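Worksheet: the structure to be examined is printed underneath.
Letters A, B, ... are given to chains in the order of the sequence lines, protein chains preceding strands, and every chain is numbered from 1. Quick caveat, the model's predicted, so the values are computed rather than measured.
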Amino acid sequence: MTPFVVFDAVSKRFDRAIAADTVTLAVGRGEVLALLGPSGSGKTTLLRLLAGFEQPDAGRMIIDGADVGGLSPARRRCGMVFQHYALFPHLDVGENVAFGLTGHGKREPGNVNRKVAEVLALVDLPGFERRKVQELSGGQQQRVALARALAPEPRVLLLDEPLSNLDPALRERTRRELRQLIKRVGITTLFVTHEQEEAFDLGDRVAVLATGRLDQVGTPDDLYERPASLFVATFVGRANVFRGAAAQAFGGADGQIVVVRPEALRFSEIGIPGVVKERRYTGAAALYLVDGDRGERFEVLAAPGAARVGDRVFVEATRVLTFAEERQ
Amino acid sequence: MSAGNRRLPGALLTLLLAWLVLYPILVVVAEAARGDAIAAFLSRGGEWHALWASLWISLASVALAAAVGVPLAFLFEWLDFPGRKTLGSVIALPAVLPPFVGVIAFLFLYGESGFVARAVQHVLGLERAPWRLQGAGAILLVHAYSMYVYFYLFTRAGLAKLDASMLEAAQALGAGRWETLRRVTLPLIRPALAGAALLVFMTALGSFSAPYVFGGGFRVMTTQIVATKLNGELPLAMVETVALASVALGGLLILRHTEGDDILVALGKGTAPRRRPIQSRGGRALATAAGWLLALLLLLPHLTLGLVSLVPYGTWTTEAMPPVLSVVNYQRLFGEPERLRPLVNSLWMAAASTAAAVALALVAGTLVGRRRPGRIPWRGPIEGLLALPWALPGTVFAVALATTFSAQRPWALRWVLVGTVALLPLGLLVRNLPLTGRAILAGFRQLDPALDEAAASLGAGRWAAFRRVTLPLLRPALAAGASLAFVAALGDFVTAIVLYTYDNRPISIEIMSSLRLSELGVAAAFGVILMGLSALVLALGARR
């Protein structure tokens, strides 16, 4: 993989909050990278740094082999889709999409119209040119924003929480369509999300951020199976976290924290004793909340008929992840 | 209240408002149409001159006010420099100067025998004053000073509502700073600009004080009407009134059309652009120095008024600065009951007209102001009637009321009020209706309809719900509307000059007669009191 977009030890702080802490990250040509993290982790800041809306305190950013540090946002050729889309309310759909194509000495009017029609067709809104943006549904607005960003043929596509404004019923379908579209265009894409499912579904790779620090970059499988930090282990997927004696009961060494996924725990004849407090039925399986005798509390994913509330059970782990005690 | 129960009170309120604001206008139109006054109006060149002067002065005022106010708004909203916050509020100071007081302050400052003229005369050793503050130029100077505030405030509000991501989107699409300004920022704040333009146009068209004091031989329609009326040519004055009203309505319709809908609200989300600190040290120093110089310039009229109010009668002749300063003017003002009368008159008339205007607006709000599903009977007529006085210059209403209430015809709902103390407060009430109406109706519209239902479900009766839920929530709107109305009535000159009697002569009329008697100090002292009261009431009204 030849890196197409590179963050090289990029740092940025706002007053006292650290938004980017010497982040180094490479994205391949045509790759889709998800930036995943809780709010305040600095993921949007990375997008804005690359787009040129913020200036880094230190480090370099490279697109296609060239340092973009000195370029104004207007000259970086990054297409951006904003969280609330930022469609211009005084322009219609066609004028919005044409915005980046017109202006001093850019294209012939005929070419502009052809290009607008082309990208609107691409996002499945053919013939929408003269519609008012206020009259569109949320999903249509999102696609207009995407068409507008793609029309000037940017080098990188940046998406800031592209699905957060849609209602949940629409989100999954839109996610699929978005993925297909990005792959069809073949554009290098960075997108920000705080939802793991979205990151896993859309991203070729996922970068997990916590308070400005890049904890891990990898495929979804990597992150889930081989988390590089306790933060990644608990932020990605469900996890039972054990410290001290409980950790040792699961085979952790002294001073280690043990993380066990709910599906890596099972009811057995031996293991840690406890009582089932709650059972949540999820269809194919059930999630059991167990109170251990020594005060620990954990979730077990097992067959729907494996236990009942109030049952006395023993729990054993099939696979554990261990981490060193966090430095505080 | 069900819709049926509201229908009758709504009809009654509509009738009352129509009698107050629409009927007098119709009476004037009807009387103007009689006789040969129309022919006289059409044939006299002076009339056309005055009408044309009104129109171009108003348009030029819009251009000047925009040229000053819009760049200032961008400067204060988008850039950061030392002193920005303090200066930002100082800049709105011309607003606390009632129009007539502002005009005399300008007279004392830049007039023929004002401080600036005297200083120049002194420095250059001239025989006579270097200029006369007169004619169209003088009027425009006062208009630009007092009306740029509208553009400044409206533009700042528009910019503050702007979504930063809109500007970033434009930049990401390849637009530079100027292109973004031209293609995105200005179109987005167009409603604010159009709103300010409309306000300045209407204010300038109705402006009376500046043309009255500085016009000299240069007549605009408002001063023309008053002059014609004083000459006793009443029918002609009515034709002139109708002509001015037509221009005002025409301007209103045209400008309303350009305003467009408030598109920002439709999609606006996200945060306003962050202020950019001015980076270079020189630039910061320059901005700060220019800012304070501007503040001084804006404050000069206020300071001048204060200084002149301390000059005893007859002590200041040819010197550049007054040689004697004392508080004797204030002592006379508060010591002599006859001098105190105008102050008392202004206070009671402003209070009474404001209270009545607030009461009417509250009734209107209760009947038609709330958000409700379905059509609300009488809403359109009531809102329109409340707003109408705003659309017409003060002179028009003053003449209309004077005409309507100069005949005793009870069957036509007309009584003789001319010459009584009741007519001027009635005129002030009419002028106040749009101010209280707009604020209070907006307040009602923001109320969540569910709150009333919540109060009812908790056992509160209709009156208890109004007192314990609606009124407290309306307090900011009430305070804003009432303080604006009170200040406008307190400083009124336009209505007073047509409708006052000796017994209810207000401060502005007293200032004018003091000026005639060359009692500049007393006039200025009244001005200072008016200014102080206005600032105090506005500050109280703006408190949250």
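The two residues A74(A) and G176(B) have their closest heavy-atom pair at CB-N, 4.3 Å. Nearest heavy-atom pair across T102(A) and R183(B) is OG1-NH2, 2.9 Å.
Within the 4.5 Å cutoff, no side-chain heavy atoms of D163(B) are placed close to those of F82(A). A heavy-atom distance below 4.5 Å is found between the side chains of M166(B) and P89(A).
Identified under the side chain to side chain donor-acceptor pair (under 3.5 Å) test for residues 67-83 of chain A, with sequence neighbours left out: Q83(A)-S164(A).
Counting non-hydrogen atoms of neighbouring residues, nucleotides and ligands closer than 6.0 angstrom, the CZ atom of R48(A) exceeds 12 such neighbours. Other residues, nucleotides and ligands contribute over 12 non-hydrogen atoms within 6.0 Å of the CZ atom of R445(B). For R130(A), the CZ atom is densely surrounded, since the number of other residues' heavy atoms within 6.0 Å is greater than 12.
Residue H90(A) holds its NE2 atom at 11.5 Å from CD1 of I189(B), rounded to the nearest 0.5 Å. Distance CD/Q171(B) to CZ/F53(A): 6.0 Å, rounded to 0.5 Å.
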Listing, residues 33-41 of chain A side-chain donor-acceptor contacts under 3.5 Å, not counting sequence neighbours, or none:
| residue | atom | partner | partner atom | Å |
| --- | --- | --- | --- | --- |
| S41(A) | OG | P38(A) | O | 2.7 |

